[in-house]
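Accompanying notes for the structure given below.
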Amino acid sequence: MMRVRFAPSPTGYLHVGGARTALYNWLLARKLKGTFILRIEDTDELRSSDDSVRQIFDSLRWLGLDWDEGPLDGGEGASGRGGEKKRWASKGNFGPYFQMERQEIYRKYSQELLTKGALYECFCTEEELQAHRDQALLAKRAPRYSKLCRRLSEKEKESFRAQGRAPTLRFAVPEEGQTVFDDSIRDRVSFSNLELEDFIVVKSSGGPTYNFACVVDDHLMEITHVIRGEDHISNTPKQILIFQAIGWPAPQYAHLSILLGPDGSRLSKRHGATSILEFKDQGYLSQAVVNYLALLGWATQDSQDLFAHEELIAKFELERCQKNPAAFDYAKLQWMNGIYIRKLTKSQLLAAVRPFLGPVPANLEPILEEIVALEQEKYRTFAEARDLLGFFFNDNFDYRWEDIEGLMAKSLNLKTRADLDRVLAELAKRLGGLADFSVAGVEVSLRALAKDFGWKNTEVFHPLRFAVSGKLQGPSLFHMIALLGRDWTLGRVARLAGLKNSLAGAPIQE
RNA sequence: GGCCCCAUCGUCUAGUGGCCUAGGACGCUGCCCUCUCAAGGCAGAGAUCACGGGUUCGAAUCCCGUUGGGGCCA
């Protein structure tokens, strides 16, 4: 039975790199009917915050990455045994899932390792270590720990203790041989033990270091596969050494490549959105983000790029993950988002666009779903909704005169303000008297007008489009006119007709 | 600086010794459709497979080196 985990530090929002790691873990768990575990690595007390924990929950929930074990989403404020304050309730039998609540467990195993002789006490002070590092650097040697305290006598230790020095616990790394592991993505990776320094396992404060807590948790939570970012590759041999020292089997590792920004440097805020919640706020659909993220570093044999949810789960394979780093391409995400938006039903679309619309006049509420659907094929993100639809909700929008002037400059019949007024007057007259104000009815009427004038269709349609929206590009004209109705249409035609002398560049004949 | 990882169109990638005069997708350009913009359809430009050596009848694919990028430790 596969058990995988996602183990973020709650020191900020969940960024796309982390989300992609979570997704790959989740995908595999779902595909192989395994268990997806969420563990919060909050041992960095200074930088960890409950707010970050909530953000991680929100992000995972938005992406649809539900966890089978871990803190209970919404279980905030639960109280622990013995009256001590516990911030979150949890689900699963391997908890607690917050590392800060597992301190005694780490202590137990570090004591065991110390007794076994796998660990030793190091009394070096920060200053001494720093001085040593500087010296090594000066001599152009690798600044590794000197193993000074590795063979201290009991007497020497006693004297350090008498000085009040609190020791760190270091791992006694074998001085020969190699530590090797088979990575699911990169095949065999090996490190010479000589290159690994005697790393710290327990800090002088008594708290575990990342590598130690991680090993203890991964074992106790019965993690079978550790799928994480490439930035952890050099932690892996240390963790394996700890596993071996305690006598536990190490899990299978898979290291995902790192994500880069569009310019090839490490993805950061200056490239655009990096936090998952930001994508939500910018009008992306979680399905699109999931689909896109899945493709950043993974591909099927036929380079398929659109996946139904279940299909993604069925087809995902760790072994087909890319070894080289992937650059985040916002343009492709936007394209993909557009694809997913076009698949929505009208009511889904409205629900998704709604938060981006701003104030909507009450009288338009009943047809809002239809209005929003008019531009369904155009949104790349919902944030564009305001630009696309704003004129529907605001009777006093500004006209973009340069648009119609540009058209008139190229037009055969619509050349002057007088021409514009003439066609607007005729438009008002015919639409005002039109019995059938349906899409088809409007279309027939408008085409007839153009024919009667001897004008090109565009020369009639565009003035109307301009009157009604202030722009020359927008939704299908007949559909929007029919939908919004006669009064709305005539009111806007009248408004434009009333704006005298507003045509700056084009020749005006009074 | 040390160790580790990586290297195919601008980007994501397919490719695991002959099917590759390197395929798909985004983006870009043009055409068609058309009331505009999109969407859609079609076409096109775009990669001496980082470079140099090998191995082999034959290499993007295997080996070695170089260069470049990245990660971790400082």
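None of these values were measured; they are calculated from a predicted model. Order of the sequence lines sets the chain letters (A, B, ...), proteins ahead of strands, with each chain counted from 1.
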Could you please name the option among [options] that lies closest to any side-chain atom of [X]?
X	options	answer
A:E377	B:rC3, B:rA39, B:rU13	B:rA39
A:A327	B:rC6, B:rU13, B:rC12	B:rC12
A:E197	B:rG2, B:rC35, B:rC73	B:rC73

Notebook entry, point to check: Picking from A:Y292, A:Y24, A:F316, what satisfies ring pair (Phe, Tyr, Trp, His ring centres under 6.0 Å) with A:W298?
Noted result: A:F316
Filtered N/O pairs between nucleotides 48-50 of chain B and protein, under 3.5 Å:
none

Margin query: Whether A:Q322 contacts B:rA14 is assessed here as follows: a side-chain N or O lying under 4.0 Å from the phosphate OP1 or OP2. Is that the case?
Written below: yes
Notebook entry, point to check: Under 4.0 Å: is that the gap between some side-chain N or O of A:R342 and OP1 or OP2 of B:rG40?
Noted result: yes
Tabulate atom names and distances for all N/O pairs under 3.5 angstrom spanning the protein and nucleotides 69-72 of chain B.
from	atom 1	to	atom 2	distance (Å)
B:rC72	O4'	A:S234	OG	3.4
B:rC72	O2'	A:S234	OG	2.7

Item checked: Side-chain-base donor-acceptor pair under 3.5 Å for A:R186 and B:rC5 -> no
Notebook entry, point to check: For RNA chain B, which residues in residues 426-455 of chain A have a heavy atom at a distance below 4.0 Å?
Noted result: A:R447
Margin query: Can you list, in residue-number order, the parts of residues 475-486 of chain A that come under 4.0 Å of RNA chain B, counting heavy atoms only?
Written below: A:P475, A:S476, A:L477, A:F478
Using nucleotides 65-67 of chain B, report all nitrogen or oxygen pairs with the protein that are shorter than 3.5 Å.
none

Margin query: Both A:R465 and A:Y379 contact RNA chain B. Which one's nearest nucleotide lies toward the 5' end?
Written below: A:R465
Could you go over nucleotides 24-31 of chain B and give all protein N or O partners under 3.5 Å, atom names and distances?
from	atom 1	to	atom 2	distance (Å)
B:rA25	O4'	A:D305	OD2	3.0
B:rA25	O2'	A:D305	OD2	2.8
B:rA25	N3	A:K332	NZ	3.2
B:rC26	O2'	A:K332	N	3.3

